[in-house]
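Structure, as structure tokens:
Chain identifiers are assigned alphabetically (A, B, ...) following the order of the sequence lines, protein sequences preceding nucleic acid strands; residue numbering begins at 1 within each chain.
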Number of protein chains: 2
Amino acid sequence: MKNCEQHISPQVVKRLPRYYRYLEDMLEAGLVRTSSKELSAKSGLTASQIRQDLNCFGGFGQQGYGYNVEQLYNEIGRILALDNKNKTILIGAGNLGRAVALHMDFDRKGFKLIGIFDKNEAVSGQLVGHIPIRHISGLDDFCLENKPTIAVLCVPKDNAKELSANLYNLGVKGFWNFTHYDIANKYSDIAVENVHLSDSLMTLCYKINRLDEVET
Amino acid sequence: MKNCEQHISPQVVKRLPRYYRYLEDMLEAGLVRTSSKELSAKSGLTASQIRQDLNCFGGFGQQGYGYNVEQLYNEIGRILALDNKNKTILIGAGNLGRAVALHMDFDRKGFKLIGIFDKNEAVSGQLVGHIPIRHISGLDDFCLENKPTIAVLCVPKDNAKELSANLYNLGVKGFWNFTHYDIANKYSDIAVENVHLSDSLMTLCYKINRLDEVET
DNA sequence: TAGATTGTTAATCGATTAACAATC
DNA sequence: TAGATTGTTAATCGATTAACAATC
């Protein structure tokens, strides 16, 4: 491991899960060895960039040989800290919240989903996977007792502000934010990943439109 | 409108929906006028960057005054082409697919959802919102008849490759891709927006971990 | 040894920030 | 007019690409 692991550019960090995905494919396909050239062909990124990226964390490769698939896979998993068990709660058990709770393999990505909350009394007690939905009124007590550090926000925009402030005060350090509200720039000592689905959809609309223009 | 609308950097494009969101808030709050300074405070971006971004598309502001909220909102909507009605189909009516179909307001973002498909015969005919799920076997005929240009992919990874190839041949020009498979670098004449939820979750794991390290 | 491919430095490119004249 | 804030150019910063010596 190199000492330059100190500060890594956000751009590099965002590419790590991608590498991880490609390596998982290769691992499943039984490949033992790969190279920046091969990863480049798979990803569309330049070989140069891939080598540069991987080298931020240390020399995982070998001149003349390339990279060992399994070793590189494990190293990236370690860098991403996927063996963590960050205690996680999810707020908002609507369609999206349920889909996220069921669809994501939290355990294999460094998280442990320990509670689901919703403000709708009618759904309290229902199971999502093997986790019961609790009423939002029990949130504070639950947090004081179980000390989750991560919250997944799948609530409507209007709730997001007070809710995130409350969760912050209850010790939540990381937010996976599906709401339209931007938490990030309020607090400096937390980690936020925004998933702005409608931003993404609007971006697609823009792109499609420009595609048409280029053709004509 | 300025002539520099020709080519806009992807970074700028990604920020447009964000501006649009802030402006919508302001509009709802009844604000008439804003400035790059105010938008900066709201977003955490620099005022300079905001002015730079908006200026790619023309001078929407006025020296000494700032921007008219409604005008700027409309302009950005126009730039994003949100009044389009791109005919859209969604493939994969599992939890995620249903959530996306129900949760997203396609109509207000430049799209018109006209069909939902799933390979599971058992769910054929079920309604998601007001749209019935069709069996995947009818996909080709449906496309030939209705000519959708956009596909939302909510299928497992293993289906994604053949499916996207098939859709491409059927004339689909834009993909909103929720699968783990990367379509983008296969074809050059299409638009793709990838929503890699698990990449995002892994990135959060990395960030949380580094947060801990900085504290100690 | 010859061939391959890394690790790493230097060059290029693009995006952000700062500064300020123009002007409402 | 004086104050404010844009539009725009120039300076800085960061990220990507190219090149190549090191070495397996």
Side-chain angles (χ1 to χ4, degrees), chain A residues 1-16 18-19 22-23 26 31-73 75-76 79 184-185 203, chain B residues 1-16 18-19 22-23 26 31-73 75-76 79 184-185 203:
Chain A
M1 195 196 301
K2 286 179 67 181
N3 60 343
C4 70
E5 191 157 347
Q6 326 152 4
H7 197 68
I8 307 294
S9 105
Q11 311 283 345
V12 175
V13 174
K14 271 211 288 195
R15 281 189 293 267
L16 291 178
R18 250 175 106 181
Y19 297 140
Y22 296 129
L23 289 163
M26 291 177 170
L31 297 173
V32 172
R33 160 190 170 179
T34 189
S35 65
S36 59
K37 198 177 161 191
E38 193 177 27
L39 284 164
S40 167
K42 248 195 161 53
S43 64
L45 304 167
T46 64
S48 193
Q49 181 168 58
I50 292 166
R51 288 203 300 280
Q52 195 83 277
D53 284 357
L54 296 177
N55 232 221
C56 292
F57 303 96
F60 303 141
Q62 214 168 42
Q63 279 103 327
Y65 174 85
Y67 303 90
N68 177 283
V69 173
E70 192 177 356
Q71 188 207 339
L72 191 54
Y73 177 76
E75 287 288 359
I76 294 180
I79 292 162
N185 50 324
T203 305
Chain B
M1 193 195 305
K2 287 179 63 180
N3 59 344
C4 71
E5 193 159 346
Q6 326 152 5
H7 196 69
I8 307 294
S9 105
Q11 311 283 346
V12 175
V13 174
K14 271 210 289 191
R15 281 189 293 267
L16 291 178
R18 250 176 106 180
Y19 296 140
Y22 296 130
L23 290 163
M26 290 175 171
L31 298 173
V32 171
R33 159 191 169 178
T34 188
S35 65
S36 58
K37 197 176 161 192
E38 193 177 27
L39 284 165
S40 166
K42 247 194 161 52
S43 64
L45 305 167
T46 65
S48 193
Q49 181 167 57
I50 292 166
R51 287 203 301 280
Q52 195 83 277
D53 283 358
L54 296 177
N55 232 220
C56 293
F57 303 95
F60 303 141
Q62 215 168 40
Q63 279 104 330
Y65 175 85
Y67 303 89
N68 176 283
V69 173
E70 192 177 358
Q71 188 208 339
L72 191 55
Y73 177 76
E75 286 287 0
I76 295 180
I79 292 162
N185 51 324
T203 305

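No side-chain heavy atom of B:Y67 sits under 4.5 Å from any side-chain heavy atom of B:L23. A heavy-atom distance below 4.5 Å is found between the side chains of A:F57 and A:V12. Residues B:Q52 and B:T46 are not in side-chain contact: their nearest non-hydrogen atoms beyond the backbone lie 4.5 Å or more apart. Residues A:L72 and A:Y19 have side chains not in contact (no heavy-atom distance under 4.5 Å, counting atoms from C-beta outward).
Atom-to-atom, CG of A:L72 to C1' of C:dT5 comes out at 14 Å; the value is rounded to the nearest Å. When the C1' atom of D:dA15 is taken as reference, atom NZ of A:K14 falls 13 Å away, rounded to whole Å. To the nearest angstrom, P of C:dG7 lies 13 Å from OH of A:Y65. For B:I8 and C:dA15, the CD1 to C1' distance is 13 Å, given to the nearest whole Å. Atoms CD (A:Q11) and P (D:dC13) sit 18 Å apart, rounded to a whole Å. For A:N68 and D:dC24, the CG to C1' distance is 15 Å, given to the nearest whole Å. In this structure, A:I50 places its CD1 atom 17 Å from P of C:dT8, rounding to the nearest Å. We find that CD of B:E75 is positioned 16 Å from P of D:dT6, with the value rounded to whole Å.
Applying the 3.5 Å distance criterion, the base of C:dT17 shares a donor-acceptor pair with the side chain of B:Q52.
Considering A:Q11, A:R15, A:R18 as possible partners of A:D53, the one that fulfils the side-chain contact (heavy atoms from CB on, under 4.5 Å) test is A:R15.
For DNA chain C, runs of at least 3 consecutive pairs of the Watson-Crick or G-U wobble type, with both hydrogen-bonding distances under 3.5 angstrom, map to C:3-24 with D:3-24.
In this structure, of D:dT6, C:dA18, D:dA15, it is D:dT6 that holds the atom nearest to the side chain of B:Y67. Considering only the side chain of A:N55, C:dG7 comes nearest among C:dG7, D:dT16, D:dC24.
One distance of note links NZ of B:K42 with OH of B:Y22; it measures 8.5 Å at 0.5 Å rounding.
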Please write out the pairs of protein N or O atoms and N or O atoms of nucleotides 19-23 of chain D separated by less than 3.5 Å, giving the distance to one decimal.
{"from": "D:dA19", "atom 1": "N6", "to": "A:R51", "atom 2": "NH2", "distance (Å)": "3.3"}

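Between A:S9 and the phosphate of D:dA15, there is a side-chain N or O to OP1/OP2 separation shorter than 4.0 Å. A:Q49 has a side-chain polar atom (N or O) that falls below the 4.0 Å cut-off from OP1 or OP2 of D:dT16.
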Tell me, with the steps shown, if A:M26 and A:L39 meet side-chain contact (heavy atoms from CB on, under 4.5 Å).
CA-CA 10 Å; A:M26 291 177 170; A:L39 284 164; 4.0 Å; yes
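Near DNA chain C, defined here as any heavy-atom distance below 4.0 Å, the residues from residues 33-47 of chain B are B:T46, listed numerically.
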